[in-house]
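Okay, structure first, notes after.
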Amino acid sequence: MSIELNPLNLTLEEFNSDTHSNGQQLQIRQELESGAIIDCFARFPQKAEHLICLFPSAQQANIERLNPVFHRWTWAYQLEKAHTISLSDPALHESTLHANWFQSKAGHDYFRITADFIKILASKLSIEPNKIVLYGSSMGGFGALMSGAHIPESLVIAEVPQIDLRKYYISSSLRQLEETHFNKCPINNFYTKRKEQINVIDRFIEQRSMPSIEIITNDADPACSEHITFLTEIRNIRPILEVVGDLSVTCRAESAGHKPLTTSVAIKIIKSALLRGWSHHTRTPSTLIAKIDDDKNSPPQKNDYKTTLDAGISAASKIKYTRTPEDTVNYKEARELLYAAAELNKQADWPLLKICSMVKLWNNSFNSELLVAATEAFKRKQSLEAFIYLCRGTVSNHRPEDTLRRIDEIHSACIDKQVANIANIFKGIVKYDNGDFDGYESEIKKFLDTKSPDFTPYLTIPVSTVVTDTKPLEAYNENYTPKILGTPIVCNSQPSNDAKYIVSVSCDLNYLRTYGEFIVKSFSLNCAHEAHLHILITSGEANDANQLLKIWGAKSTSASVVGLDCGENEAPIASLLRFCVLHELLMSIGLPIFVMDLDSLILKPLSPIVENNKGADICSRVLKGGIAPWERYTGGFALFYPTQNGLFITQRIARAAESLTTKSSKQWWIDQNCFEAGIRYAYKFDQKPNIVDFSSTRNSFCVMPVGSKEAKLFTLNNALNSMANPSTLD
């Protein structure tokens, strides 16, 4: 028997003002002041005890797109004992795509908005949250899981869902999202800004909750392995969740591929779930981030713990962070042993802190795994290291509006006032992300004013060189020559007439001996015909530097020794010098200038970057999403143009450097803080600089390794040996 779709159209307000539980067809719309629009088909029979919410799948690309569209609406007649709604993807109102995955180019959080809409309907129908089922397949399963984070007492049944959009197997669909919804930003870059929009796990972390979940997959679905590992990922984040529901993953015998279940099978699954029910466990925030509990559990099994811990330490010592297959085996083994040790001794925080360190070095990020380990470590012992990792993980894995509240919770839970004071640094970072530069400076000043002189953890080193007083940056003089520790910094670079750009690097003489051959040889091979490389050296004999250049076969390359006595700040000041000469070179030579780390290798000519970014003032790898301001604009690979804003910012960088540097106390991150201060000053005073993020460009032109000296040399030697005709460099 066919059923005609002929609903009564109502606004949400109209629905709320009347009773519609007689089984008639309804189409309910909510229009929010923000511009978001939610549409659903609904059928509410009398005496129903559950609310079934059907989420939309992608529309077929070869047929006309509908908006709104209500997939599976006829199921309402097969679920007679439940209220049923079929939701349309609200993102259809913003684009012409057939599949939008609830992504909004207007910045709406449609997962949260949809969940709020469902809760309003449920309240009107007198349905408790633990009687709500969210159902969807593929895109609909993704939407149901994401929205379910906001209704944690509910049950989500998701067929072959996406868990992390970055892994979706149809790349053309992702490219369409990037073009229309992410402002042409690659999805991996967008993820760093809005993780909770892309990854289900990150949404659960943000909300500190997960609903009960039934994943239904089959071994022919491209995401089957992702569905199965979802179990492990949930296990890893459970310690930081306030609400945790049931979880099951069913891999069906039929290898159907990426297809939904038949209607009859799906209806049976829903009805079975309604009969069986589901459960959730709730913990208060105080039990998640708490002061150390005096009531300890059973004594740790010290012998087993020590044996396991020693094995974990031994495995960890073998990790080189080169990420080779052998290194990956060592990393996984060490992680497993350290987790096992932490489980054996539930009072020990050290295994968890070691895991935090390893995860950061391996992934080069403060990801959700690190946050989970740090949360548990801080719960066991309120150490400085655990507090910093916990704040780092919180800032990196939550939205700014939620992060300030969470940082305040951590701050309040910490007994040691000096350790707790570090929270002001992270609150400053969040305010910086929101464009509140005065708030950032205020929080950093608050930290520095409260800090005890003998409280000197590593984090205080970059913070100590944050520019909070911008008065020295106010003056501008075209003929300005910066002085570092009283010594004028002058660059006597003389590029050829056909040079298109300059590459500026700086170092101390020992660093030049260790890493210089890689950039000198690769520059000479790939860029000498179109550019000039200048190396500034803090101190030492110029003849020593020139002899090294000769050995390496340097072309169109020069070196200058400044003659600085840097005290214990030799390395940071050495890194700073390359920035100090930018304004002078831009004024006198008028060519774009690349600033690079010395421990780099250039794979091919850099002129395409210069040409492709004309119109920019500065290009840099711009990091966002919980990144400290002094880490945001990475000076290891940046490009400065001789524009008005380029000149404005580069002189402010040099003035900041002149005002900050000292050899009487330990400093670090001076170059990054000066770089950031010049840009911040321009924004604060409405200069509107055009700063281009060319993150995706860098890796195709350069090799810039991170990690230990051994890891860097391993990577650079491999890259140099792999270059075409390496013998020509000898």
Side-chain angles (χ1 to χ4, degrees), residues 437 440-441 444-445 448 461-493 502 504-508 534-539 560-589 593 595 617-618 620 629-630 632-636 638 640 642 644-685 687 689:
F437 300 123
Y440 167 64
E441 294 164 8
I444 296 298
K445 287 178 182 177
L448 294 173
I461 297 175
V463 175
S464 69
T465 56
V466 170
V467 180
T468 57
D469 178 11
T470 56
K471 188 173 182 179
L473 279 61
E474 292 178 359
Y476 182 79
N477 180 352
E478 289 186 357
N479 300 315
Y480 166 73
T481 299
K483 294 181 179 179
I484 300 299
L485 303 177
T487 300
I489 307 301
V490 179
C491 180
N492 298 316
S493 180
I502 296 171
S504 175
V505 299
S506 57
C507 59
D508 60 56
H534 187 79
I535 307 171
L536 277 165
I537 305 167
T538 52
S539 60
S560 300
V561 177
V562 179
L564 288 174
D565 177 11
C566 302
E568 62 178 330
N569 290 325
E570 179 85 24
I573 292 176
S575 185
L576 178 66
L577 293 180
R578 56 193 170 157
F579 286 96
C580 295
V581 295
L582 290 176
H583 180 264
E584 176 191 352
L585 288 174
L586 291 175
M587 286 290 298
S588 61
I589 299 176
I593 305 171
V595 169
D617 297 309
I618 296 173
S620 177
W630 54 86
R632 176 165 301 220
Y633 306 102
T634 55
F640 296 80
Q644 182 176 349
N645 278 329
L647 291 167
F648 179 96
I649 291 171
T650 52
Q651 186 168 123
R652 269 60 187 190
I653 293 172
R655 289 189 179 277
E658 186 171 347
S659 69
L660 281 177
T661 47
T662 180
K663 62 178 182 178
S664 61
S665 60
K666 184 66 177 176
Q667 293 183 309
W668 206 260
W669 293 90
I670 317 175
D671 57 337
Q672 292 289 117
N673 269 322
C674 291
F675 188 10
E676 179 279 321
I679 294 173
R680 175 172 21 116
Y681 186 88
Y683 280 128
K684 283 183 66 172
F685 291 84
Q687 292 294 317

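Of all heavy-atom pairs between Cys507 and Ile535, the closest is SG-CG2, 4.1 Å. The nearest pair of heavy atoms linking Ile489 to Cys580 is CG2-CB, 4.1 Å. Summarising the geometry of Pro488 relative to Val562, their closest heavy-atom pair is O-CG1, 4.4 Å, with the distance given to 0.1 Å. Shortest non-hydrogen contact noted between Ala682 and Ile649 is CB-CG1, 3.9 Å. Contact record, Cys566 with Leu485: CA-CD1, 4.0 Å, taken as the closest heavy-atom pair.
Remark: side-chain polar atoms of Ser575 are not paired, donor with acceptor, to backbone N or O of Pro572 under 3.5 angstrom. Distance alone, capped at 3.5 Å, places no donor-acceptor pair between the Glu441 side chain and the Asp469 backbone. Of the possible donor and acceptor atoms, one in the side chain of Gln667 sits under 3.5 Å from a partner among the backbone N and O of Leu660. Using modelled atom types, one side-chain atom of Gln651 and one backbone atom of Asn477 make a donor-acceptor pair closer than 3.5 Å. Under a 3.5 Å cut-off, the side chain of Gln672 and the backbone N or O of Gly635 do form a donor-acceptor pair. Between the side chain of Arg680 and the backbone N or O of Val467 there is at least one donor-acceptor pair closer than 3.5 Å.
Between Val463 and Trp669, every side-chain heavy-atom pair lies at or beyond the 4.5 Å cut-off. Ile653 places a side-chain heavy atom less than 4.5 Å from the side chain of Cys674. For the pair Thr634 and Ser620, the minimum side-chain heavy-atom distance is below 4.5 Å.
Checked against Phe675 for a side-chain contact (heavy atoms from CB on, under 4.5 Å), the options Ile618, Leu582, Thr650 give a single hit: Ile618.
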Notebook entry, point to check: Can you check side chain to side chain contact (heavy atoms under 4.5 Å, CB included) on Leu647 and Met587, steps first, answer last?
Noted result: CA-CA 8 Å; Leu647 291 167; Met587 286 290 298; 3.7 Å; yes
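Within 6.0 Å of NZ in Lys684 there are more than 12 heavy atoms belonging to other residues, nucleotides or ligands.
Atoms CG and OG1, on Asn569 and Thr538 in that order, are 11.5 Å from each other to the nearest 0.5 Å. Interatomic distance, OG1 of Thr487 versus CG of Leu564, reported as 5.0 Å (0.5 Å rounding). Atoms CD1 and CG, on Ile670 and Leu576 in that order, are 6.0 Å from each other to the nearest 0.5 Å. One finds the OG atom of Ser659 at 6.5 Å from the CG atom of Leu473 (value rounded to the nearest 0.5 Å). Here CG of Asn479 is found 9.0 Å from NE2 of His583. Values are rounded to the nearest 0.5 Å. Distance check: Ile573 CD1 to Ser506 OG gives 11.0 Å after rounding to the nearest 0.5 Å.
The side chain to side chain donor-acceptor pair (under 3.5 Å) check on Thr662 picks up Ser664, with sequence neighbours excluded. Among residues two or more places apart in sequence or in another chain, the ring-ring contact (aromatic ring centres under 6.0 Å, His included) test is passed with Phe437 by Tyr432. With sequence neighbours left out, Ser560 forms a side chain to side chain donor-acceptor pair (under 3.5 Å) with His534.
Applying the salt bridge (Lys or Arg N to Asp or Glu O under 4.0 Å) definition to pairs two or more places apart or across chains, those involving residues 645-669 are Asp565-Lys663. The salt bridge (Lys or Arg N to Asp or Glu O under 4.0 Å) analysis of residues 567-576, with sequence neighbours excluded, yields no pairs. Legend: ring-ring contact (aromatic ring centres under 6.0 Å, His included) pairs involving residues 646-668, not counting sequence neighbours, sorted by first then second residue: Phe648-Tyr681.
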